[in-house]
2 protein chains.
Amino acid sequence: MRRFVVIGRDASASDDFLLEDVPGTSGRLDVGLRCVRAALLVSHGVRAATVYLVLGGGPRAPRVLRIQGGVIRFVRPDERSLAILAKKALARDADSRAAGFVEIRPGLAIARGGVDAVLDDLGHGGHPLYLLEEGAGDVRDVPEIASPDAVFVLGDHLGFDDPDRQRFAARGARSISVGPTSLHAEDAITVLWNEIDRREQRP
Amino acid sequence: MRRFVVIGRDASASDDFLLEDVPGTSGRLDVGLRCVRAALLVSHGVRAATVYLVLGGGPRAPRVLRIQGGVIRFVRPDERSLAILAKKALARDADSRAAGFVEIRPGLAIARGGVDAVLDDLGHGGHPLYLLEEGAGDVRDVPEIASPDAVFVLGDHLGFDDPDRQRFAARGARSISVGPTSLHAEDAITVLWNEIDRREQRP
């Protein structure tokens, strides 16, 4: 199953943001929410992929929200519905001592920790890891991105910090780009999927 | 200037929808709003393109909202901000006898009528017209899409009706697709822009 990891350096790890002003009150959690739609939803369907929202902002940070397409039910494309979903999940007390992801409902889980929690969840299955970065090699030249085990890591408007970059590098992550223009993270996901869809359709 | 025409067959042409439930109360105007983001916004910037939202739902239909990137100021990427923008514009009494687009503020205008109002606004400048349709020829095989005068027409979840299809066909519209998977209209716009960006960067 493909996975998309979206790093929200200031994105709220708690539910104390306003649905009436998500961009202004959540450290731009809205960016991650739109990534969920781009990663999981197609016209009249859901992709079997997983999204990790790494939330680095606010008093309960870091936490990670995990959403599994094809498992979670009733995911709607509009941002407000996704914000309500996140708000409910983040209200959950995940400060328990349990390690790893705690399931809130099927397909929706939360964990304490940041990128490390994601890497732990991946295990050591040899997932090809890709960091989306401006100016890196073109995704169209990287056949391996179509691997069903691929993991794509994207920053929000703030990009990656050095410790996270090093964590991924230590796992063999390779930098790729989706084209000459610097795009919103959700658009980068859309372009990635389009490239994967095309590879899978090729004889 | 490139143009994107999004046909919302049931999308509300009036402002009587709820910000708290845009998908459920606006005939899926939310689809068109997300298309505005995809068409106009990149990371830390705005594209010089125009979006027409053709609104076929509700008592004041049909009307068309026109948003010009690079002219309009303060366009934010989140869906709620875009819904507020649309709501204010649609509150405007456009039942005046004036033909064509009436400017509400710089870069934001409204017109009575449906696809005809868009075609009138295009004039007869020989814009290459493309209809996004599943199963049509691949955008990667159509060099002309990179024309700065290109106009791309997309349906929402309901697609095109026959009269609209005939109107575009009469203007020489060509059908194209963005890949093997049926995508949300906003994702189709993202893939189109990616292809255009790449063509423009090629020596």
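Below, chains carry the letters A, B, ... as their sequence lines are ordered, and counting in each starts from 1.
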Shorter than 4.5 Å, heavy atoms on both sides: which option in B/L33, B/I84, B/V178 has the most such pairs with chain A?
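Among B/L33, B/I84, B/V178, the one with the most close pairs to chain A is B/V178.
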Between [X] and chain A, which part of the residue has a heavy atom less than 4.5 Å away: side chain, backbone, both or neither?
X      : result
B/D197 : both
B/R34  : side chain
B/N194 : side chain
B/E186 : side chain
B/L19  : backbone

Taking [options] one by one, which has the highest count of heavy-atom pairs under 4.5 Å against chain B?
options                    : value
A/V31, A/D30, A/L41, A/V22 : A/L41
A/R28, A/R76, A/R37        : A/R37
A/R140, A/H44, A/E195      : A/R140

Stepwise side chain to side chain contact (heavy atoms under 4.5 Å, CB included) check, A/E20 with B/R80:
CA-CA 8 Å; A/E20 290 66 39; B/R80 185 181 168 92; 3.8 Å; yes
Looking at A/E79, is its backbone amide N or carbonyl O close enough to the side chain of B/E79 to form a donor-acceptor pair, meaning the two atoms are under 3.5 Å apart?
yes
Can you measure from [atom1] ([X]) to [atom2] ([Y]) and round to the nearest 0.5 angstrom?
X      : Y      : atom1 : atom2 : value
A/D187 : B/D187 : CG    : CG    : 8.0 Å
B/T181 : A/W193 : OG1   : CH2   : 8.5 Å
A/I189 : B/T190 : CD1   : OG1   : 11.0 Å
B/S81  : A/D21  : OG    : CG    : 7.5 Å

Might you point out which heavy atoms bring A/P180 and B/R198 nearest each other, and give the distance in Å?
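Reported closest heavy-atom pair: CD-CG, 3.9 Å.
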Are any non-hydrogen side-chain atoms of B/V42 and A/H184 less than 4.5 angstrom apart?
no
Is any side-chain heavy atom of B/S43 less than 4.5 Å from a side-chain heavy atom of A/L183?
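The answer is no; the side chains never approach within 4.5 Å.
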